[in-house]
Amino acid sequence: MTGRIVETEAYPPGDRSGHSYRGRTARNGSLFLDKGFAYVYFIYGTSYMLNVTSEEPGVGAGVLLRAIEPLEGINRMKRHRNTEKLRDLARGPGRLAAALQINQRLDGVDLCASGPLWLGTAVRETAHIGATVRIGITREVDRPLRFFEVSNPFVSGPRIEIRIP
DNA sequence: AAGAAGATTCGCT
DNA sequence: GCGAATCTTCTTA
């Protein structure tokens, strides 16, 4: 299965809404790995979230993958998500993880090496990227750290860019 | 030890 | 649009 990442959110070092803010714990350990590793956690009793670490070892920061445009293996994704709606397959972080069968077994995996899950280089030309505040958080709510491909229908949430003063 | 919150989703109205 | 589902983690609200 493959997909194009169309929506992300950054949780940089020191951000009070980031899981690393209160230091390293059993759950967030992989967030402190080197850049390019997977940090997977379970939330709300229903959903897995997939993050890519983004800083030097020991820092603790990452990027949440919020949506992908399904490209290959669509029938498998439909089965994993138990729906026929292409647009809903991976629109939202929990749906993305479900479609790709992301779970705790992938926590800590190197996404820049060959393995069960990896990041590749985009084939299509980069389109216009918009930014807004992040979705679903309660702290640091004003930071414009959500990024998305403006014209892409597989993006979850608003596709209108905010103005940065 | 207990309780609340949480980077969400789904189904019903 | 709203509320329930569901469970792990961290705080003491």
Asks: Could you tell me how far apart A/His19 (NE2) and B/dG6 (P) are, to the nearest whole angstrom?
Replies: 10 Å
Asks: Measuring from atom CG of A/Asp110 to atom CG of A/Leu33, what distance do you get when rounded to the nearest 0.5 angstrom?
Replies: 9.0 Å
Asks: What integer number of Å spans the P atoms of B/dC10 and C/dT9?
Replies: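 Pairwise P distance, B/dC10 against C/dT9, rounds to 23 Å.
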Asks: Measure CG/A/Asp107 against P/C/dT9 and give the value in whole Å, please.
Replies: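 Distance check: A/Asp107 CG to C/dT9 P gives 11 Å.
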Asks: Does a nitrogen or oxygen in the side chain of A/Arg91 sit under 4.0 Å from OP1 or OP2 of B/dT9?
Replies: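 Result: no.
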Asks: Which heavy-atom pair separates A/Met77 from A/Glu72 by the least distance, and what is that distance?
Replies: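 Looking at all heavy atoms of both residues, the shortest contact is CE-O, 3.4 Å.
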Asks: Expressed as a whole number of Å, how far does the P atom of C/dA4 sit from that of B/dA4?
Replies: 15 Å
Asks: Let me know the distance between CZ of A/Arg66 and P of B/dT9, rounded to the nearest Å.
Replies: 7 Å
Asks: Taking CD1 from A/Ile43 and C1' from C/dA5, how many angstroms apart are they, rounded to a whole number?
Replies: 14 Å
Asks: Whole-Å distance between B/dT9 C1' and A/Leu96 CG?
Replies: 14 Å
Asks: Applying a 4.0 Å non-hydrogen cut-off, can you work out what A/Arg81 is touching in the nucleic acid: base, sugar-phosphate, or nothing?
Replies: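 Since only primed, P, OP1 and OP2 atoms lie under 4.0 Å of A/Arg81, the category is sugar-phosphate.
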Asks: Using atom C1' in both nucleotides, what's the gap between B/dT13 and C/dT6 to the nearest angstrom?
Replies: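 Result for the C1' pair: 23 Å, nearest Å.
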Asks: For A/Phe154, does the six-membered ring have the charged nitrogen or CZ of A/Arg4 within the cation-pi criterion, i.e. under 6.0 angstrom from the centroid and within 45° of the normal?
Replies: no
Asks: With C1' as the reference atom in both, quote the distance from C/dC7 to B/dC12 in angstrom, rounded to an integer.
Replies: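 Here C/dC7 and B/dC12 have their C1' atoms 24 Å from each other.
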Asks: For A/Gln104 and for A/Tyr44, locate the closest nucleotide of DNA chain C by heavy-atom distance; then report the residue assigned to the nucleotide nearer the 5' terminus.
Replies: A/Tyr44
Asks: Could you check A/Ser47 against A/Thr138 and say which one's nearest nucleotide on DNA chain B is further toward the 5' end?
Replies: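 Looking at the nearest nucleotide for each, A/Thr138 comes out on the 5' side.
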Asks: A/Tyr11 on top of B/dA7's base, within under 5.5 Å and under 30°?
Replies: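 By the stated criterion, A/Tyr11 and B/dA7 stack.
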Asks: Is there a side-chain contact between A/Arg95 and the phosphate of B/dC10, meaning an N or O under 4.0 Å from OP1 or OP2?
Replies: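 Yes, because at least one side-chain N or O of A/Arg95 sits under 4.0 Å from OP1 or OP2 of B/dC10.
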Asks: Applying a 3.5 Å limit to both distances, which nucleotide forms a Watson-Crick or G-U wobble pair with B/dA5?
Replies: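 Matched B/dA5 with C/dT8 under the 3.5 Å cut-off.
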Asks: Between C/dT9, B/dA7, B/dT8, spot the one nearest the side chain of A/Ile135, thanks.
Replies: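 Output: B/dT8.
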Asks: Contact class for A/Ser17 (heavy atom, under 4.0 Å): base, sugar-phosphate, or nothing?
Replies: base
Asks: Tell me if the side-chain of A/Tyr41 makes a donor-acceptor pair with the base of B/dA7, cut-off 3.5 Å, by modelled atom types.
Replies: yes
Asks: Of the nucleotides C/dC10, B/dT8, B/dA7, which one has an atom closest to the side chain of A/Asn51?
Replies: B/dA7
Asks: Side-chain contact, heavy-atom cut-off 4.5 Å: A/Asn103 with A/Val40?
Replies: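 With C-beta onward as the side chain, the pair stays apart.
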Asks: Which label fits A/Tyr48 and A/Phe42: parallel for a plane angle under 30°, tilted from 30 to 60°, or perpendicular past 60°?
Replies: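 Tilted, since the angle between the ring planes falls between 30° and 60°.
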Asks: Side chain of A/Thr46 only, heavy atoms from C-beta on: which candidate in C/dT9, C/dT8, C/dT6 is closest?
Replies: C/dT6
Asks: Measure the distance from CD on A/Glu140 to C1' on B/dG6 and round it to the nearest whole Å.
Replies: 16 Å
Asks: Test A/Lys35 against A/Glu56 for side-chain contact (heavy atoms from CB on, under 4.5 Å), laying out the working first.
Replies: CA-CA 6 Å; A/Lys35 301 174 236 205; A/Glu56 301 296 321; 2.8 Å; yes
Asks: To the nearest angstrom, how far is A/Met49 atom CE from B/dA5 atom C1'?
Replies: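 So the two atoms are 15 Å apart, to the nearest Å.
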Asks: When the C1' atoms of C/dC10 and B/dT9 are compared, how many Å lie between them, rounded to an integer?
Replies: 24 Å
Asks: Taking atom C1' of B/dC10 as reference, at what distance in whole Å does atom NZ of A/Lys85 sit?
Replies: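 That distance rounds to 11 Å.
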